[in-house]
Amino acid sequence: MNILQGNEFKKSDITLLVATMNRNSIDFLIPMFPFAHYTKFSIVVINQTTPDNLIKSSHSSVKVINVFEKGLSKSRNLALDNTNSKLCVITDDDIIFKKDFETHILNTYNAIPNAALISFRVENKLGDLYKKYPDCRKEKLNHIDRLNIMSVEMVLNKSIIDKYNIRFNEQFGLGAKFGMGEEAILVNQLYKNELEVVIEPKVIVTHLEETTHTKVSLEDKYYIQGALFTALFNKKYLLWVLLKIFFETKQGKIRINQIWKAIHRAIAGRKDFLQLHEN
């Protein structure tokens with residue numbers, strides 16, 4: 001039920017938080033908006049780069065922050081800390097926005113204004129859905145739903161996540177020690193605080209590249225899964241590792257002779273994660 005009573009979210013409440021690396025021109029934003037110029041939108045760009053490779057913005061609607069450290073979650077958090085917008089769209093530099101993306105975001109948030117996070121659909125470059133999504137709006141998510149939300153599907157309600165001091169875990173994500181899983185940990189934080197997470201069946205972007213998950217080796221993936229499932233489920237981590245192995249074996253992604261290696265790497269990931277938290 002809409003409880004805003006005349007205080008509906010507006011287009012001016014939306015800011016796009018773009019993570020990029022080693023850019024020397026702001027023009028990379030142009031192809032992200034084939035239907036309008038990027039200056040028509042409120043954008044915060046975090047450019048992880050070197051001192052001799054900086055970008056600047058001459059447009060008031062586009063804020064650029066050049067930083068000299070690595071880590072995708074660090075970029076996401078820095079962008080969140082540098083906007084006052086009510087609705088924050090988490091995005092990358094290889095995204096193409098749909099013409100009606102703002103309408104979908106506003107319609108959904110105005111219908112569910114207390115949602116802390118709404119996850120939208122993403123298409124691949126062929127125009128197909130990026131993965132299997134629920135057929136209709138889903139407001140009661142199970143564990144599998146929570147594990148499968150990608151960052152480029154996320155729109156965050158900033159006042160809510162600020163109130164509960166929720167940010168991406170900087171030990172996880174591209175460029176961090178554990179190169180995936182930051183989305184699942186953020187969603188888990190929301191659930192621990194009994195906040196609302198919604199999956200909405202509207203496509204807002206096209207994603208041109210493969211995700212990090214499809215690029216890592218089996219050994220690296222299960223090393224990260226050991227750490228991630230420890231962060232999420234603590235002592236029950238191995239159950240989740242075995243469930244993942246079971247499903248990936250059925251799907252032909254893991255051969256029988258790779259199972260022990262996957263388990264061994266997951267145990268190593270758990271060990272290293274726990275050592276980080278002891279220090």
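- The backbone N or O of I144 lies less than 3.5 Å from a partner atom in the side chain of N148, making a donor-acceptor pair.
- Residues L141 and D145 come closest through the heavy atom pair CA-OD2, 3.6 Å.
- Not a single ring pair (Phe, Tyr, Trp, His ring centres under 6.0 Å) links Y222 to another residue, sequence neighbours left out.
- Residues that satisfy the ring pair (Phe, Tyr, Trp, His ring centres under 6.0 Å) test with F120, not counting sequence neighbours, are absent from this structure.
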Next on the checklist: As a quick check of understanding, evaluate side-chain contact (heavy atoms from CB on, under 4.5 Å) for L242 and I263, giving each step before the final call.
Outcome noted: CA-CA 8 Å; L242 294 175; I263 294 172; 3.8 Å; yes
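- Residue M32 is grouped with residue V64 when hydrophobic side chains (ILVMFWY) are merged at heavy-atom distances under 4.5 angstrom, including chains of intermediate members.
- Counting heavy atoms of neighbouring residues, nucleotides and ligands inside a 6.0 Å radius, atom CG of N257 exceeds 12 of them.
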Next on the checklist: E123 vs V205, test: side-chain contact (heavy atoms from CB on, under 4.5 Å). Steps then yes/no.
Outcome noted: CA-CA 6 Å; E123 287 181 352; V205 297; over 6 Å; no
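- Residue pairs meeting the side-chain hydrogen bond (donor to acceptor under 3.5 Å, both in side chains) criterion with at least one member in residues 99-108, sequence neighbours excluded: D100-H104.
- Between I26 and V62 the shortest side-chain heavy-atom distance falls below 4.5 Å.
- Side-chain contact check for I118 versus V197: every heavy-atom pair is 4.5 Å or farther apart.
- Between the side chains of Y109 and D13, no donor N or O sits under 3.5 Å from an acceptor N or O.
- Nearest heavy-atom pair, V198 versus A115, reported as atom, atom and distance to 0.1 Å: CG2-CB, 4.2 Å.
- Here the side chain of T91 pairs no donor or acceptor atom with the backbone of V18 at under 3.5 angstrom.
- A donor-acceptor distance shorter than 3.5 angstrom exists from the side chain of S217 to the backbone of D220, with no hydrogens or angles considered.
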Next on the checklist: Set out, in order, the CA-CA distance, both residues' side-chain angles and the distance that settles side-chain contact (heavy atoms from CB on, under 4.5 Å) for K11 and L106, then state yes or no.
Outcome noted: CA-CA 7 Å; K11 286 189 177 184; L106 293 173; 3.6 Å; yes
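- Note on I90: it does not cluster hydrophobically with I95, by side-chain heavy-atom contacts below 4.5 Å among ILVMFWY residues.
- When the shell of 6.0 Å around NE2 of H59 is examined, it contains more than 12 heavy atoms from other residues, nucleotides or ligands.
- Under the 4.5 Å side-chain heavy-atom criterion for Ile, Leu, Val, Met, Phe, Trp and Tyr, I160 and I112 are members of distinct hydrophobic clusters.
- L174 and I65 are not part of a single hydrophobic cluster, where members link through side-chain heavy atoms under 4.5 Å apart.
- More than 12 heavy atoms of other residues, nucleotides or ligands sit less than 6.0 Å from atom NZ of K131.
- In this structure, the separation between CG on L117 and CD on Q189 is 11.5 Å, given to the nearest 0.5 Å.
- Contact record, L190 with I166: CD2-CD1, 3.4 Å, taken as the closest heavy-atom pair.
- Salt bridge absent: R121 and E153 never bring a charged side-chain N and a carboxylate O closer than 4.0 Å.
- The side-chain heavy atoms of P51 and F68, taken from C-beta on, include a pair separated by under 4.5 Å.
- Shortest non-hydrogen contact noted between M150 and Y133 is CE-OH, 4.4 Å.
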Checklist entry - Between I254 and E248, does a side-chain contact (heavy atoms from CB on, under 4.5 Å) hold up when you go through it step by step? => result CA-CA 6 Å; I254 295 181; E248 292 203 329; 3.5 Å; yes
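- Of the residues T49, N66, D93, the one that meets the side-chain hydrogen bond (donor to acceptor under 3.5 Å, both in side chains) test with R23 is D93.
- Under the 4.5 Å side-chain criterion, counting only non-hydrogen atoms from C-beta, F233 is not in contact with L238.
- Proximity of a side-chain donor or acceptor of N193 to a complementary backbone N or O of L195 within less than 3.5 Å is not detected.
- Taking CG of D162 as the reference point, atom CG of L156 lies at 10.0 Å (rounded to 0.5 Å).
- Residue N165 qualifies as open at atom CG: its count of foreign heavy atoms under 6.0 Å is 12 or below.
- Salt-bridge check for K158 with D81: failed, with every basic side-chain N at 4.0 Å or more from each acidic carboxylate O.
- N47 and N22 get closest at one heavy-atom pair: OD1-N, 3.2 Å.
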Item to check | Step-by-step salt bridge (Lys or Arg N to Asp or Glu O under 4.0 Å) determination, R265 to E219 | outcome: CA-CA 6 Å; R265 290 298 292 157; E219 292 87 350; over 6 Å; no
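- Geometrically, R270 does not engage F229 in a cation-pi contact defined by less than 6.0 Å to the ring centre and at most 45° from the axis.
- Within 6.0 Å of CD on E194 lie no more than 12 heavy atoms contributed by other residues, nucleotides or ligands.
- Atom NZ of K125 has 12 or fewer neighbouring heavy atoms from other residues, nucleotides or ligands inside a 6.0 Å radius.
- Rounding to the nearest 0.5 Å gives a distance of 6.5 Å between CZ of F9 and NZ of K86.
- You'll find the side chain of N82 reaches within 4.5 Å of the side chain of K63, heavy atoms only.
- Applying the ring pair (Phe, Tyr, Trp, His ring centres under 6.0 Å) criterion to F97, with sequence neighbours excluded, gives F33, F101.
- Using a 4.5 Å heavy-atom cutoff, the side chains of C88 and L80 are in contact.
- Rounding to the nearest 0.5 Å places CZ of R76 at 13.5 Å from CZ of R167.
- Around CG of D135, the count of heavy atoms belonging to other residues, nucleotides or ligands within 6.0 Å does not exceed 12.
- Side-chain contact check for D272 versus K177: some heavy-atom pair is nearer than 4.5 Å.
- Summarising the geometry, atom CD belonging to Q251 is positioned 10.0 Å from atom CZ belonging to F246; distances are rounded to the nearest 0.5 Å.
- P113 and N110 get closest at one heavy-atom pair: CD-O, 3.9 Å.
- A donor-acceptor pair under 3.5 Å is formed between the side chain of N124 and the backbone N or O of G127.
- Using the six-membered ring where Trp is involved, F35 and F41 have ring planes that are perpendicular, over 60° apart on the 30 and 60° scheme.
- At most 12 non-hydrogen atoms from other residues, nucleotides or ligands lie less than 6.0 angstrom from CZ of R255.
- Side-chain contact check for V203 versus V122: every heavy-atom pair is 4.5 Å or farther apart.
- Pairs passing the side-chain hydrogen bond (donor to acceptor under 3.5 Å, both in side chains) check and including a residue from residues 37-46, sequence neighbours excluded, read T15-S42, H37-T39.
- With rounding to the nearest 0.5 Å, the separation of CD1 in I43 from CD1 in I14 is 12.0 Å.
- Apart from M21 itself, the hydrophobic cluster it occupies contains nothing, where clustering links Ile, Leu, Val, Met, Phe, Trp and Tyr at side-chain heavy-atom distances under 4.5 Å.
- Defined by atom type and a distance below 3.5 Å, a donor-acceptor pair is missing between the side-chain atoms of S151 and E182.
- In the model, N157 has a side-chain atom that pairs as donor or acceptor with a side-chain atom of S159 under 3.5 Å.
- Hydrophobic cluster membership is shared by L147 and Y237, with clusters built from Ile, Leu, Val, Met, Phe, Trp and Tyr side chains linked at under 4.5 angstrom.
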